Amino acid sequence: MAASFDLVTQPWLPVVDLQGRPAEVGLADVLTRAHKLRRLAGETPPMTAALYRLVLALAHRVYGPKDHDEWAELWRAKTLPAEPLEQYLSQYGDRFDLFHQNRPFLQCPALAELTPGSVTKLVSYRATGNNVTLFDHTTAQDRITLSPAEAVRWLVTVQAYDTGGLKTPYRKDKSSRPAPCNMFGCALVEGATLKETLLLNLVVYDPEAEEPEPTQPDDRPVWEDPKPPDPEPGTRPPLGWTDLLTWPSRRVLLSSREDGGRTVVDGVVLTPGTRLEKDLVDIELMAAFRRRAGRKGELEGPFLPVLLEEHRGVWRHAAELLLAGGSLRQRPRTLDHLAELVKAELLPKNAVYTLRVFGQRLDDKGGTVRYWREESVPAPVALLRAEEPRVGYLIGYAVQLADEIGATLRGMQRAYRQEFKAESSVDLEIAYWPRLPGPFGDFLRALADAVREERPEHDAFDRWARAVEHIAREAADRWAEGSPCQGRRLLTIGEHLDAFYRLLSYLVKRFQALAAKHVRRDEEVA
């Protein structure tokens, strides 16, 4: 008998339930039991993001919603209804078999004429051929297999996050660009349950009305395509939002065999797929973008996507992630959707959700994974609705204070190293930046409360200033304690610390003065 693995009924999606217990569910359960689940939780942050995008594409095709009324009906219901899902599966249910003879899920059956390579090509942290990774010691002689559930998780991930470079050609074309999700931090609004999370990210979806822009009437996820994918790579713009969520950046075909009475995936053909022909800023709803302003205020260059950095947290881009757009920024359009729901009184004005941002960074050539991240930022709806430019200034000054103090710490360490040609025993980047996300989250919540209650925001930025100053002083003290402290070096460290403390005090006072110009005035309070 031919192998079969039905993604609708078989457990393969990694989830965490409301009691914090890990489990695996199929596509049917991930929707109809979403109210009993907390979140999706993949093996890596890129996997989690890729799985969310796949489930969102399915949810859009099953539930829409075509307008805010349909959205509100889904939000008020205890569960996501099973009937629309059953109707959808009656038409497309056979497209979700991982090993289907003619239409294997997210795969290209025409690749059967090529010889499969190691299944490690699917797994980004596994070594394969000359691609040595930091995390794995697999050798070419090791015979690696994956269970069907593992294989489909990595199959979904590779379509969204595969590295670029040379791949096995179907005919001649070996070159491939990095898969699209490598190019931005993927932002997801998280609620109290998976049901809430899915709905908070389900924007109004009506292909006939070409919503969300630029969705066309023939938009569809890749599994709805009436024909199997062409094995030759191509270039095209997306048909719409669900096409982009399931973008076929690679042509893939898994090979399987029976091993002790169970099916295992023991090989894969992976070739270049479809290149994206469109600027991300025009099509991607789960990304934030920013632009630089020149010295005289003129705009410089195109919108660039917000990415996750190795040491500095994504909270530094809170303005781009949370605030309504302008000439210098564009937040994820899923948050515009949230702001509209609050305005329509479908969500409470005092709600605070979590914005999770997933990302993977490649090397300069795009062929090797440098690191991946999952970070979070509070998303108070009061800030999502804020239209006053001064709120953006307050957040901007708060981030600027952290950046300037961080630069001052680096300058102190650099000056010491240059003077003595020595290495410090404490890395100030590690001692400073990772401690700031918590206080900054507190700042955002306090700022949102003040904005919602229409009162001055002094307390919010005063607490932030005190927190950053305290963390910076502790980082500097740890650096001094960890550095050689004998003879002239002891005196020099003292001089550098004194200079740092003076500049730190100046930066904090300047921040408070700048922020004070933009807080709500007492006479403006009703």
Side-chain angles (χ1 to χ4, degrees), residues 134 307-319 357 361 370-371 373-378 393-447 457-516 519:
L134 177 64
L307 298 165
L308 276 73
E309 300 180 37
E310 191 163 13
H311 296 301
R312 304 184 192 187
V314 76
W315 57 267
R316 296 173 58 254
H317 298 292
V357 186
R361 295 295 296 272
R370 287 176 53 203
Y371 59 85
R373 292 284 184 275
E374 175 184 339
E375 299 182 27
S376 64
V377 177
Y393 284 116
L394 290 173
I395 293 177
Y397 287 140
V399 173
Q400 178 181 317
L401 175 64
D403 284 345
E404 290 178 339
I405 292 176
T408 304
L409 283 167
R410 289 196 306 275
M412 176 182 66
Q413 188 178 43
R414 184 171 56 250
Y416 175 80
R417 288 176 174 175
Q418 288 174 348
E419 186 166 353
F420 289 100
K421 298 181 180 179
E423 292 290 331
S424 173
S425 61
V426 176
D427 190 333
L428 282 174
E429 293 278 336
I430 302 300
Y432 175 67
W433 288 109
R435 297 182 61 194
L436 294 179
F440 190 80
D442 294 339
F443 162 73
L444 288 180
R445 295 183 189 93
L447 178 63
E457 300 89 356
H458 294 287
D459 288 346
F461 69 76
D462 282 346
R463 277 187 282 173
W464 168 245
R466 288 196 300 271
V468 179
E469 183 176 15
H470 174 73
I471 291 170
R473 284 181 177 273
E474 285 198 341
D477 291 343
R478 286 183 59 195
W479 167 79
E481 292 169 1
S483 301
C485 293
Q486 294 179 351
R488 189 166 68 87
R489 292 193 178 196
L490 179 60
L491 294 175
T492 303
I493 286 176
E495 292 171 358
H496 284 304
L497 274 179
D498 287 343
F500 169 73
Y501 291 150
R502 288 194 299 270
L503 188 52
L504 176 63
S505 296
Y506 164 75
L507 292 174
V508 170
K509 290 177 181 177
R510 190 182 69 166
F511 161 71
Q512 292 173 324
L514 289 170
V519 299

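Note that the structure is a prediction, hence the values are computed from the model and not measured. Along the sequence shown, residues are numbered consecutively beginning with 1. No hydrogens, no waters, no symmetry mates; every other heavy atom, side chains included, goes into these values.
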message: Test side chain to side chain contact (heavy atoms under 4.5 Å, CB included) on Leu444 and Trp315; report intermediate values, then the result.
response: CA-CA 10 Å; Leu444 288 180; Trp315 57 267; over 6 Å; no

- line: Scanning both residues in full, the closest heavy-atom pair of Pro378 with Gly441 reads CG-CA, 3.6 Å

task: Could you tell me whether a side-chain N or O of Glu375 sits under 3.5 Å from a main-chain N or O of Gly313, the two making a donor and an acceptor?
output: no

- request: Taking all non-hydrogen atoms of both residues into account, name the closest pair between Ala431 and Arg435 and its distance.
  value: O-CD, 3.6 Å

statement: Taken to the nearest 0.5 Å, the spacing of Leu507 CG from Glu404 CD works out to 5.5 Å

- prompt: In Å, rounded to the nearest 0.5 Å, how long is the span from NE2 of His496 to CG of Leu409?
  reply: 13.0 Å

task: Before accepting this row, confirm whether a basic side-chain N of the pair Arg473/Glu469 lies closer than 4.0 Å to the acidic partner's carboxylate O.
output: yes

statement: The reported gap from CG in Asp459 to CZ in Phe443 (rounded to nearest 0.5 angstrom) is 12.0 Å

- request: State which residues pass salt bridge (charged side-chain N to carboxylate O under 4.0 Å, His left out) with Arg445; sequence neighbours excluded, sorted by chain then number.
  value: Asp442

query: With a 4.5 Å heavy-atom cut-off, do Glu310 and Arg370 have their side chains touching?
result: yes

Heavy-atom closest pair, residues His311 and Trp433: O-CB, 3.6 Å

message: Looking at every non-hydrogen atom in both residues, tell me the closest pair between Ile405 and Ala472 and how far apart they are.
response: CG2-CB, 3.5 Å

message: Would you compute the distance between atom CZ of Arg510 and atom CG of Leu503 and round it to the nearest 0.5 angstrom?
response: 9.0 Å

task: Would you give the length of the straight line joining atom CE of Met412 to atom CG of Leu428, rounded to the nearest 0.5 angstrom?
output: 5.0 Å

- prompt: Any chance OH of Tyr506 has more than 12 other-residue heavy atoms, nucleotides or ligands included, within less than 6.0 Å?
  reply: no

4.5 Å side-chain heavy-atom contact, Val468 and Pro439: no

field: Flag side-chain contact, heavy atom, 4.5 Å: Gln512 against His458
entry: no

message: For a side chain to side chain contact (heavy atoms under 4.5 Å, CB included) check, start with the C-alpha distance between Leu394 and Val519, then their side-chain angles and the critical distance, and finish with the verdict.
response: CA-CA 8 Å; Leu394 290 173; Val519 299; 4.2 Å; yes

query: Is any side-chain N of the basic residue among Glu309 and Arg316 closer than 4.0 Å to the acidic one's carboxylate O?
result: yes

- prompt: Parallel under 30°, tilted from 30 to 60°, perpendicular over 60°: which one fits the rings of Phe461 and Phe511?
  reply: perpendicular

query: Where do Leu401 and Tyr432 come nearest, in terms of heavy atoms and distance?
result: O-OH, 4.5 Å

message: Which residue is it: Leu436, Asp403, Val399? I am looking for the one with a side chain to side chain contact (heavy atoms under 4.5 Å, CB included) to Arg312.
response: Asp403

field: Test log, rule side chain to side chain contact (heavy atoms under 4.5 Å, CB included), inputs Glu474 and His470
entry: CA-CA 6 Å; Glu474 285 198 341; His470 174 73; 3.2 Å; yes

field: For Ala318 against Phe440, the heavy-atom pair lying closest together
entry: CB-CE2, 3.5 Å

- request: Check the pair Arg373 / Arg361 against side chain to side chain contact (heavy atoms under 4.5 Å, CB included), numbers first and verdict last.
  value: CA-CA 9 Å; Arg373 292 284 184 275; Arg361 295 295 296 272; over 6 Å; no

